[in-house]
Amino acid sequence: MDGLNIPLNHILLVSSLLFSIGMLGLMIRRNIIFILMSLEVMLNAAALAFVAAGAHWGQPDGQIVFMLILTVAAAEVAVGLGLVLQVQKRFKTLDMDHANRMQG
Amino acid sequence: MLEIGFFYIAATVALVATVMAMTRANAIHALIYLIVSLLAVAVIFFLIGAPFAAALEIVIYAGAIMVLFVFVIMMLNLGEKGDKQERQWLQPSIWAGPAILSAVLLLELLIVISQTAGPVSVTAVSAKEVGLALFGPYVLAVEIASMLLLAGLVGSFHLGRRYLERDNLEKQGDQ
Amino acid sequence: MSETIWLIPLIPLLSSVTLMLFGSRLKVSQIGILGVASVGIAALLTLLLAVEFMQNQQVIQLSLWTWMEVAGFAPGISFYFDGLTLVMMSVITGVGFLIHLFSTEFMEKDPSYARYFAYLNMFVAAMLVLVMADNLLLLYLGWEGVGVCSYLLVGFWYQHNANGHAARKAFIVTRIGDTAMALGLLLLFTQLGTLDIQTMVGEANRTWQVGATIPTIACLLLVCGAVGKSAQLPLHTWLPDAMAGPTPVSALIHAATMVTAGVYLIARTHGLFLLAPTAMTAVAIIGITTSLMAAFTALMQTDIKRILAYSTISQIGYMFLALGVGAWSAGIFHLMTHAFFKALLFLGSGAIIHCLHHEHNIFKMGGLRTRMPVTFWSFMIGSAALAALPMTSGFFSKDQILLQAYQLPDIGPGLWMAGLLGALLTAIYSFRLVFVVFFGKANTEPDKDTGWRMAVPLSVLCLLAMIGGWFMIPVSEVFPASDGSHPAHWVEYVSISVPIVGVLIAYLIFYSGRLNIDGLVSSTLGRRLGQFWLSGWGIDWFYDRLFVKPYYGLANVLKSEPIDAIYGLIVAINQTFNHWLSVAQSGRMRWYLASMVAGLILVITVAANLSVGVL
Amino acid sequence: MNATMFSALAPILILSLTAIVLMIQASIKRDESVAWIITAVGFVLTLWGAIYARDYAQSVTILLQVDHWSLFFTSLIMIASLVTLVLSRDTFSPEGERKEEYYLLLVLSVLGAVVLIQSSHMVSLLLGMELMGVALYAMIAFPERGQLPLEGAIKYLVLSACASAMLLYGFALIYAATSELSYAGIGAKGAQAYGENPMLIMAGSAMVLAGIGFKLSVAPFHMWTPDVYEGAPTPVTGFLATVSKGAVFVALSRFYIDGALYQYNSLNTALVFLAIASMLVGNWLALRQENIKRLLAYSSIAHFGYLLVVLIALTYLDTGLVSQSITFYLAAYMVTTLAAFTVVSTVAGEDTAKQDISAFEGLFWHRPLEASALTVAMLSLAGIPLTAGFMAKFFVITVGIQSGLWGLLAALVIGSAVAIYYYLRVIFAMSKSTESTGESASHLEKLLALVLIAAILVLGSWPQPFIAYAGLL
Amino acid sequence: MVMINLIVILLVGGLLAILSERISDTMPRKVAMAVVLVDVLYLLICLSGMPDIIHLQAPVANDPSSWLMHFKADWIPAFGISIELALDGISLLMVLLTLVLGAIAISASWTDIVARKGFFEANLLWSLAGVLGVFMSLDLMLFFLFWEVMLIPMYFMIAIWGHENRGYAAMKFFIFTQASGLLMLMSILALVAVNHGATGVWTFSYFDLLNTQMAEQTAHWIMLGFFIAFVVKLPGFPFHTWLPDAHTQAPTAGSVILAGILLKTGAYGLIRFAVPLFPEAALNFSYPAMWLGAAGVVYGAVLAFGQTDFKRLIAYSSVSHMGFVLLGIYAWNELALQGAVMQMVAHGFSTAALFMIAGSLQERLHTRDMREMSGLWQQMPRMGAVAMFFIVASLGLPGLGNFVAEFLVLLGLFQVNVLITVIAASGLITGAAYSLLLMQRSFHGKVNKKWADYGLSDFGPREMSTMAVMMIALILLGVYPQPVLDVAQPVLQSLLDLTTIPTLAVAEATP
């Protein structure tokens, strides 16, 4: 199917909005699960920007990077969720504000 | 033009769903919003001529990765108590500062992005093209990505196994 | 003889070093012999030298080695010997020998006998270097050397803090003058390119006009040195305190030799002073003012040594007056006679103190005339000479000074009258001393009279004090001849009679009691004035407030190192940053994230030049 | 792909192979010591491979650039990895915890670092960084007990993922502006695009800089550093401090040089801010730090601030001296840091209480070798002559002066002056007299300490061969 | 090679000292003493081979053969850094001073070090080696290396064997000197970079850098870097505050070396590098520098007067005395420079001796507080006499070395600026005040009962002979300083020829 004449900067606008929202979520949430979700939103935003840029230039590279971002996201989430389990076990909470034993 | 309309609808859905996901107290609710957001993004991919990416977004992102989240949420059994906590935590005093930061960042990005011009390409980049590139110049990337997944696997294995083992041990101890 | 002139200072020096190194292992008698003999030999050599000099009148210049040679600055360790030097050397070695001899008995019981003679010999050596020096730098070596010896000897009985204080005061006050003098040396060398006295004077006469600024400044700086060393106003305050030392030391250093070094310095460099009339006037005025001030002060003192100390200051004031009015040889003559009679008086007081168990207050003595005849006669003769009663040695020298002062244009008569007043006071206080100590009723019983080692020096000095005025000092070649004119006879008669009047007054007040001054003394004004004079015109008090206390205060304030506070501030700043940043390192992930986002915003702002749009 | 390419890829291939062999070994019989030996052999072989590949230097596909420079750093991080491996052997709880995965993760992480070093393309940069990172998360959280490793790991994961997102978004912007993903392409297009669309490139580069700056713990992206350093097992901390940071810096310089980013003045200005902030913040934070691992964390912040000076100088100088300086600095920094962590690992181990500086008191007298090693390391970090750290600083200052970067040099001087205090504090603590007696390290670790001391001193006192070598890179 | 050997002997000697501790407890000090003596002997033997030491020729900058010794070998050719050592008159004086004072320092710490003797002696020898390097290096990098490295053993000496507040003092010492050293490093590199820019050649050689052309402003800043580094070490006002702490807290040998030798490296650096490399900038800066010197003279003296700690007082007196050196150097004429060199030597002996006395007192009384001392002469007359000697030496008694130095400085300075001379000369008065106070509070005064039955032992033969060496040295310097002056003269002459400062300065000063 052919693409459409959607202005690049509109897509980038959406992606930057997603990025900022993800960032906001990252900063305000204390529950580690939500934090990981926020990260996914941010990565997704970047992926959107890549795909859009790739489409802008008519290159496959944007989508390839997208795929790799998927991989990265998958790997990070896998390890991240593994850590979540350990956090729950050792801290008895998912509140990241409680994980502040090291400071100064 | 209808399709362009689709884009704006999809974009709006994605944004609203993301905002909802970020503000929910209940993890499962948030997750579902997030999946909606991902699906909306997949629509955008489709609209801008990246059908392959759209498919992957649905299958892997909204499918596989989000399932991982569901899985963990279920394992941890986050219930009502967690919801209450989350509501408490979402006070304006907590998000005001970060909101300002995000807004400034957004503003900056907008200024920067406003510099770009032109539409995205009119011709779609087919899955074949992607595949060719992937196993052409990017072949090493695929290999390294496999290593990356291996690392993720081994890492989560190690961490998760310990979780389960210890759980079992504790249960045994209880008996 | 002229080639071995260097032996004269060397022998006492060697003796001193020997005593320092091995003093603890020598027997008391050996120490005494070594100490006295070394000076004795020096005196003997001086005598030989004098004989030779009298015959051929030959100036000796002897250069041992070049001290240092830097960029044309090449002072030598070299000696210059002429009539003036001879006079000084004779006084130093001669009087010095007598005092050493006196000391052997005076200090016999002291545990630090060897140290005493080591210092004393060292002093003699330094003093000899001072007077024999060919250049000002070597002179300065001797100058400072005697200063240190004076310090050591004043503080000889170091166990008493007061002695230490007096010693330090002596050194530091003179050091103030010395430093000014050093600046004078710097100026002279910078201007004239040499510090050799003879060359320098010659060069100065070629370079400068009479009354030019630079020689005046140079001379005034030298005067500062002289003032310090010779205890003249305003740097005289150390001398009365310096009486804390053993009495023979006072006799040698603070009466006969060291304190007159200033006089010697000015006399030695008179060639320069002739170019600087202002400086000479200053010297005269300093001299006469000091003389009067000290005389008034001496009137009120009760401590026998302090009386003598102020009298020394006063007498040196006369010498300064002499120098200031150009009566060079009169000044030196007075220096010599003063050395005789003042040494005599000091030794006499030493004998008294020795026999009266370290009693210093004259009002606790009395009636010693019969019990200590030798001492009594010494004192009589000494006081007569001090008061310049006719035919004594002091008479001749002081008379000359006053007459020559009178002849000075403009201020001459004024100086003369002031001098007369001084002479009157001198007579009063010196005979007050004699009458109070030796007549009247006895307050303290002396142990014994003096032994021979004390008696012999006293006797010899008596003789010298009597006949010293008949000596002809061989300085005619050294100084420019005076014009030889004499003032009117009445001036001379007045000069002669004033001391006699003074003695009479003293007699009336302190011996016969006919003249009762109790009322005068006890009146408010009298008390105040008496107190004022007793305290040495409050100068010590004044200095204490003006210099000493502020300096202590300053040192105390700075003690905590204000400069370090600056570095402390730097440290504090760093610690503050450390504190802030450590607090920021809160361990909370959300906070870390926020900081990252803030950083990102900052970086984008700067990197993409967005600030330009915002601002 | 052809045969020479495979030769050029020797290090990467050997590492991958090692990973596979480890997996196979684990599936046959799980044995920790065998795994250790396999890893060690793999590392040594990789080291050989890095030397071997020198003759086949080329770009392998668009992703990797195998040249002398990257091979040199490959060798360097292999050495660092070997050290980590040695230190890892006796670390972790002695109660029979299985560590095969650890070695596997280590190999994968090193693989990521090698990819990162050789990357010439955004994709390889991303993958290398993530591979290294993902493996590291698990390594940091490897110990089965205690909250600190976990806390460190989770912080590192979240923050690092955030940084990755920034980096990616930045690359997306650059890509949108240039249509290029390879450094060289960005450099070439960037020069053209500069006139028309510089803001996108600059903002994108800024975001990349932020993402990379995070990994380098450059202020203000530094905050994770002490917590992760403290939380991670000590050998992992050492690994993080040397291999991870070194590789990322090499990648950054690659990107900066090949991407011709130095031509953007405003970007340079941003870098100047980061550098100054790092030098000051790092040193100030370390000033009164009691925990030696945190102290080293702060010190590393400052050190990467110094190193940034060299990058900034690219604007003014040609790359010869700059790349030499980077080479020397990183080598010196790695060797020094390894020495420090070797001592911390053997003396303090994983016991937080023993990581306090006060716990090092008297070390001079009962464990002189370790104390000497730490002393030399501290002096080297402080930049005292005769140590590698001094020569490194020498390079930085030379480059800075040649470029006239006075502001940066001023910050460097202030920072270094502050730094002397806390480095000396460690030395002073060790020289105190105490009565305690410590257990002694294994022979291997002692040998390691000796070798590292020698390396620091040789680099510092006779750097000529090394400079000559680095000059050829 | 001779120069390398001199350094290597000391370095190896340090190792031997450590090893010798295994043989016996007293071995290290003997080894250390032997090593230093061997070094001295070796140097003297090598010098005796030289034709005529006293009639040295002026070393010509570009002609190494005109130097007493010269050695050059590549070190880091990539940057033109070489191992270039050379010896001329001033270096020789300083080297001899270093070795002699080194031996004295070892003697000074003969008994007061109780723990880790081997390591102590090693540090001592190593710091000596570093100082020798500083005095002989002509390659700026090598100079810097020695400059910094000599501090490390010194740091250890203070930090390990120092007194109660040693940690603070050692840290302060190290930070001050290192921070200023960093400035110097910047200056060196800037100078080299300027030279590189002008000639395209990397070189750190003193000879090559001597005639570097640069803008006035540049020269000024680079010079300032050198100046601050050297003045911190000197130490000049207001960078002196590390010194009282370091000197006070250091063990006796440390104080001796610090005051006797290490301070001189600062002065040496000024004479050798700071002025000749930047003649015009130095000239422009001479007035501020001289004011700092004068301020140091007065400030040091006043502060010394206020102290109650024996060693602190001496430390401040060093500040005062080194102010004269600064004055002498920046007056930059032959008289003043000779004075500065003399002051370096004389102060080395006098202060070293005073610190040794302080150390002996500390060893016996376990306090340095003068308020607790008094009348010690009674029990320790020999020590008292020796103290008296060095106190009058330090207050500038003519006939002893310090006087010659101070007088020459003042004489040279007078030709440049009268006002500063007057201020500096006032230091003679304040100097007398604190020196005599020191004597009064410790040895003179009422005998303190506290020490009466403390069994205080007077100086023994070892101490007396050590002291005798320094006394004789000071007396010789005082009455016949010519050999020292002669040795320094050609060097100073050549330095003066390198720069045109004196004539200009004089021209400016004369109204």
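The chains referred to below are lettered A, B, ... by the order of the sequence lines, with proteins before strands, and numbering in each begins at 1. Only a predicted model underlies this, so the values are computations on that prediction, with no experimental measurement involved.
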Answer yes or no: is there a side-chain heavy-atom contact under 4.5 Å between A:F19 and B:L105? yes
Using heavy-atom distances under 4.5 Å, tell me whether B:A64 contacts chain A through its side chain, its backbone, both, or neither. neither
Would you mind checking which part of B:F69 comes under 4.5 Å of any heavy atom in chain A, side chain (CB onward), backbone (N, CA, C, O), both or neither? both
Is the closest side-chain heavy-atom distance between A:E40 and B:M66 below 4.5 Å? yes
Look only at the side chain of A:Q86 and the backbone of B:L159, and say whether a donor-acceptor pair between them is shorter than 3.5 Å. yes
Less than 6.0 angstrom separating the ring centers of A:F66 and B:F52, yes or no? no
Under 4.5 Å between any side-chain heavy atoms of A:I21 and B:S102, yes or no? no
Top of A:A49, A:S15, A:S38, A:G62 for chain B proximity - count of heavy-atom pairs under 4.5 angstrom: A:S38
Any side-chain heavy atom of A:N9 sitting closer than 4.5 Å to one from B:S114? no
Compare all side-chain heavy atoms of A:L43 with those of B:Y61 and state whether any distance is below 4.5 angstrom. yes
Please determine, among A:M67, A:M37, A:M23, A:M27, the option with the most heavy-atom pairs under 4.5 Å with chain B. A:M37
For chain B, find which of A:G80, A:S16, A:G25 contributes the most heavy-atom pairs closer than 4.5 angstrom. A:S16
Who among A:L94, A:L83, A:T93, A:L81 has the most heavy-atom pairs with chain B under 4.5 Å? A:L81
Measure from the ring center of B:Y8 to the ring center of A:H10 and say whether it is less than 6.0 Å. yes
Would you indicate whether the side-chain heavy atoms of A:L26 and B:M22 approach each other to under 4.5 Å? no
Please classify the contact of A:L68 with chain B as side chain, backbone, both or neither, using a heavy-atom distance under 4.5 Å. side chain
Between A:I11 and chain B, which part of the residue has a heavy atom less than 4.5 Å away: side chain, backbone, both or neither? both
Side chains of A:V14 and B:V41, heavy atoms from C-beta outward: is any pair under 4.5 Å? no
Does some side-chain heavy atom of A:N44 sit less than 4.5 Å from a side-chain heavy atom of B:E57? yes
Contacting moiety of B:L109, where chain A heavy atoms sit under 4.5 Å: side chain
Relative to chain B, which segment of A:Q59 carries a heavy atom at a distance below 4.5 Å: side chain, backbone, both, or neither? backbone
Under 4.5 Å to a heavy atom of chain A? For B:L134 that would be both
